[in-house]
Amino acid sequence: MATALTVPIKALAHSFSQFNRRAKRLSEQHDCQGILCGHTHAPRVHEDVDGFAFLNSGDWLEHCTAIVETHSGQLELWMGQAQRWLQTA
């Protein structure tokens, strides 16, 4: 069973990695400092080694997460069910 799942999982991980590289390259061509995505059911805030930000709001129904902008302009991932800040970019 584990072997049968390994190939599809590796392919999926490769496709996410490839998407991130392409999205970053396109964003940088338009002088962007990061990418904000949503609804992939994987809430996350990540900065790569170059300081490029990848933010994913997750979803409100399953994870109760959202990306919010603070008064100072900082983007943060908010966990609605726990009513707390999860990560900061």
Side-chain angles (χ1 to χ4, degrees):
M1 176 87 165
T3 305
L5 292 174
T6 300
V7 172
I9 289 172
K10 285 184 178 181
L12 183 61
H14 175 72
S15 100
F16 276 126
S17 177
Q18 195 173 24
F19 168 79
N20 285 347
R21 283 193 303 274
R22 288 180 179 171
K24 179 182 177 184
R25 189 169 43 247
L26 180 62
S27 298
E28 288 176 331
Q29 290 172 358
H30 294 279
D31 201 29
C32 297
Q33 299 170 339
I35 298 171
L36 174 61
C37 300
H39 203 70
T40 63
H41 303 275
R44 184 170 184 224
V45 175
H46 170 74
E47 222 174 84
D48 72 5
V49 294
D50 301 324
F52 191 84
F54 293 91
L55 299 97
N56 190 307
S57 63
D59 66 290
W60 189 250
L61 296 177
E62 185 179 345
H63 293 98
C64 296
T65 54
I67 299 290
V68 297
E69 183 176 4
T70 65
H71 291 290
S72 64
Q74 190 168 357
L75 297 175
E76 298 182 344
L77 180 60
W78 191 75
M79 296 284 294
Q81 273 185 329
Q83 295 183 356
R84 65 182 170 90
W85 302 110
L86 181 64
Q87 297 176 349
T88 302

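Sequential numbering from 1 along the given sequence is applied to the chain's residues.
- For the atom pair C37 SG and F54 CZ, the distance stands at 8.5 Å (nearest 0.5 Å).
- Closest approach of S57 to T65, counting heavy atoms only: O-OG1, 2.6 Å.
- In terms of heavy-atom proximity, K24 sits nearest to I35 at N-CD1, 3.7 Å.
- The CD atom of E47 sits 9.0 Å away from atom CG of L55, with the distance rounded to the nearest 0.5 Å.
- Paired with V45 under the rule side-chain contact (heavy atoms from CB on, under 4.5 Å), one option of L36, N56, I67 passes, and it is I67.
- Looking at every heavy atom in both residues, M79 comes nearest to H63 through CE-O, 4.3 Å.
- Heavy atoms of other residues, nucleotides or ligands lying less than 6.0 angstrom from CD of E28 number more than 12.
- Here the closest heavy-atom approach between residue L75 and residue E69 is recorded as CD2-CB, 3.8 Å.
- D50 places no side-chain N or O within 3.5 Å of a backbone atom of F52 that could act as its donor or acceptor partner.
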